[in-house]
Amino acid sequence: MGGERPSWDEYFMKIAHDVASRSTCLRRKVGAILVKDKRILATGYNGAPKGLPHCERCLREELGVPSGQRHELCRGVHAEQNAIIQAAVFGVSTKGATLYTTTFPCIICAKMLVNAEISEVVYDDDYEDPESAKMLRQAGIKIRRVRLKELG
């Protein structure tokens with residue numbers, strides 16, 4: 001069993017990508033995990049609210065809505081939102097946690113991350129929402145990009 005152990009960033013980003021594989025979104029599969037002290041607190045992926053039917057068609061796609069716009073048309077819950085919600089349901093504090101996410105958070109998720117007192121966002125792929133990064137930086141949240149493709 002030779003080989004090197006993955007770095008913590010590689011380990012957690014790979015897990016975020018595995019979490020994304022559970023996504024039911026027809027447009028973009030996203031996974032997120034909340035980590036503190038090298039322990040996973042909660043996970044989330046994007047899709048329809050718990051117990052509701054999965055999407056059979058994408059209204060935003062049909063209407064030609066560009067990525068990063070008109071989130072209210074989507075019935076899906078974002079991966080970051082689901083991770084925060086899962087932590088809340090099980091009574092786990094998110095204060096000071098790091099979010100590992102396969103895609104940079106949108107502005108709606110950024111607002112939630114600020115109020116959930118997340119200290120750092122580590123992401124793989126970009127997202128078309130420049131105001132999100134601006135808000136996270138204003139709140140003092142550290143932002144780092146870790147490209148899984150570059151790690152392995």
Side-chain angles (χ1 to χ4, degrees), residues 6 9-36 39-94 97-139 141-152:
D9 281 341
E10 182 178 12
Y11 175 70
F12 290 128
M13 192 59 75
K14 282 182 178 179
I15 292 171
H17 277 276
D18 284 344
V19 170
S21 71
R22 292 279 307 152
S23 170
T24 60
C25 182
L26 301 172
R27 197 169 195 190
R28 181 192 310 246
K29 296 190 179 306
V30 179
I33 63 172
L34 289 169
V35 175
K36 189 170 184 181
R39 301 286 181 253
I40 297 170
L41 303 177
T43 66
Y45 52 87
N46 58 330
K50 185 178 179 178
L52 298 182
H54 303 306
C55 297
E56 293 179 11
R57 60 189 252 280
C58 179
L59 180 59
R60 292 177 70 232
E61 194 72 33
E62 289 175 9
L63 295 174
V65 176
S67 184
Q69 298 178 20
R70 303 290 315 269
H71 295 286
E72 76 278 5
L73 294 176
C74 178
R75 68 191 307 264
V77 181
H78 289 189
E80 303 91 333
Q81 295 167 359
N82 273 325
I84 292 168
I85 292 165
Q86 184 184 83
V89 167
F90 292 100
V92 176
S93 173
T94 59
T98 297
L99 175 84
Y100 282 83
T101 181
T102 59
T103 304
F104 196 85
C106 73
I107 189 73
I108 296 167
C109 290
K111 294 174 192 179
M112 293 180 72
L113 294 168
V114 170
N115 281 357
E117 299 188 32
I118 301 304
S119 64
E120 182 177 22
V121 171
V122 182
Y123 72 101
D124 190 341
D125 290 325
D126 278 322
Y127 187 67
E128 303 79 4
D129 196 337
E131 289 301 311
S132 175
K134 182 178 175 184
M135 179 175 285
L136 292 171
R137 285 189 183 98
Q138 282 179 327
I141 296 174
K142 183 179 176 183
I143 299 170
R144 292 188 298 123
R145 186 171 194 181
V146 171
R147 297 286 303 182
L148 190 61
K149 295 172 190 90
E150 293 172 6
L151 293 173

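- Under the 4.5 Å side-chain criterion, counting only non-hydrogen atoms from C-beta, Tyr123 is not in contact with Leu99.
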Checklist entry - Does the side chain to side chain contact (heavy atoms under 4.5 Å, CB included) test come out yes or no for Lys142 and Ser119, once each step is laid out? => result CA-CA 6 Å; Lys142 183 179 176 183; Ser119 64; over 6 Å; no
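- Minimum interatomic distance between Pro53 and Ala48 (heavy atoms only, all atoms of both residues): O-CB, 3.3 Å.
- Rounded to the nearest 0.5 angstrom, His54 NE2 and Ser23 OG are separated by 9.5 Å.
- In this structure, CZ in Arg27 is found 12.0 Å from SG in Cys55, a value given to the nearest 0.5 Å.
- Contact record, Leu113 with Pro105: CD1-CG, 3.8 Å, taken as the closest heavy-atom pair.
- With hydrogens and angles left out, the side-chain atoms of Asp125 and Thr103 include no donor and acceptor closer than 3.5 Å.
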Practice item. Determine, step by step, whether Val122 and Thr101 satisfy the side chain to side chain contact (heavy atoms under 4.5 Å, CB included) criterion, reporting the C-alpha distance in whole Å, the side-chain angles of both residues, the deciding distance to 0.1 Å, and the verdict. Key: CA-CA 6 Å; Val122 182; Thr101 181; over 6 Å; no
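- Taking both residues in full, the closest heavy atoms of Ala42 and Ala87 are given as CB-N, 3.9 Å, listed atom of the first, atom of the second, then distance.
- Within a 6.0 Å sphere centred on CZ of Arg22, other residues, nucleotides and ligands contribute 12 heavy atoms or fewer.
- In terms of heavy atoms, Ser132 sits closest to Cys106 at OG-O, 3.3 Å.
- Of the possible polar contacts, none joining the Glu80 side chain to the Cys109 backbone as a donor-acceptor pair under 3.5 Å is found.
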*Before giving the answer on side chain to side chain contact (heavy atoms under 4.5 Å, CB included), spell out for Arg144 and Glu120 the whole-Å C-alpha distance, their side-chain angles and the decisive distance to 0.1 Å.*
CA-CA 8 Å; Arg144 292 188 298 123; Glu120 182 177 22; 2.4 Å; yes
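- In this structure, OG1 in Thr102 is found 10.5 Å from CD1 in Ile33, a value given to the nearest 0.5 Å.
- Here Lys111 contributes atom NZ and Glu131 contributes atom CD; the two are 10.5 Å apart, rounded to the nearest 0.5 Å.
- Using a 4.5 Å heavy-atom cutoff, the side chains of Val19 and Val30 are not in contact.
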**Prompt:** Going through the distances and angles, do Lys36 and Thr98 end up as a side chain to side chain contact (heavy atoms under 4.5 Å, CB included)?
**Reply:** CA-CA 6 Å; Lys36 189 170 184 181; Thr98 297; over 6 Å; no
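- Atom CG of Asp124 is separated from atom CZ of Arg145 by 6.5 Å, given to the nearest 0.5 angstrom.
- Considering only heavy atoms from C-beta on, Leu34 comes within 4.5 Å of Ile118 through its side chain.
- Between Phe104 and Tyr127, the distance from one ring center to the other does not fall under 6.0 angstrom.
- Checked by atom type and distance alone, the side chain of Asn46 never pairs as donor or acceptor with a backbone atom of Val77 at under 3.5 Å.
- Contact between Ala133 and Ile143 at its shortest, heavy atoms only, is O-CD1, 3.9 Å.
- Ser21 places none of its side-chain heavy atoms less than 4.5 Å from the side chain of Lys29.
- The side chain to side chain contact (heavy atoms under 4.5 Å, CB included) test with Tyr100 singles out one residue from Val121, Asp9, Ile40, and that residue is Asp9.
- To the nearest 0.5 angstrom, Ile108 atom CD1 is 8.5 Å from Asp129 atom CG.
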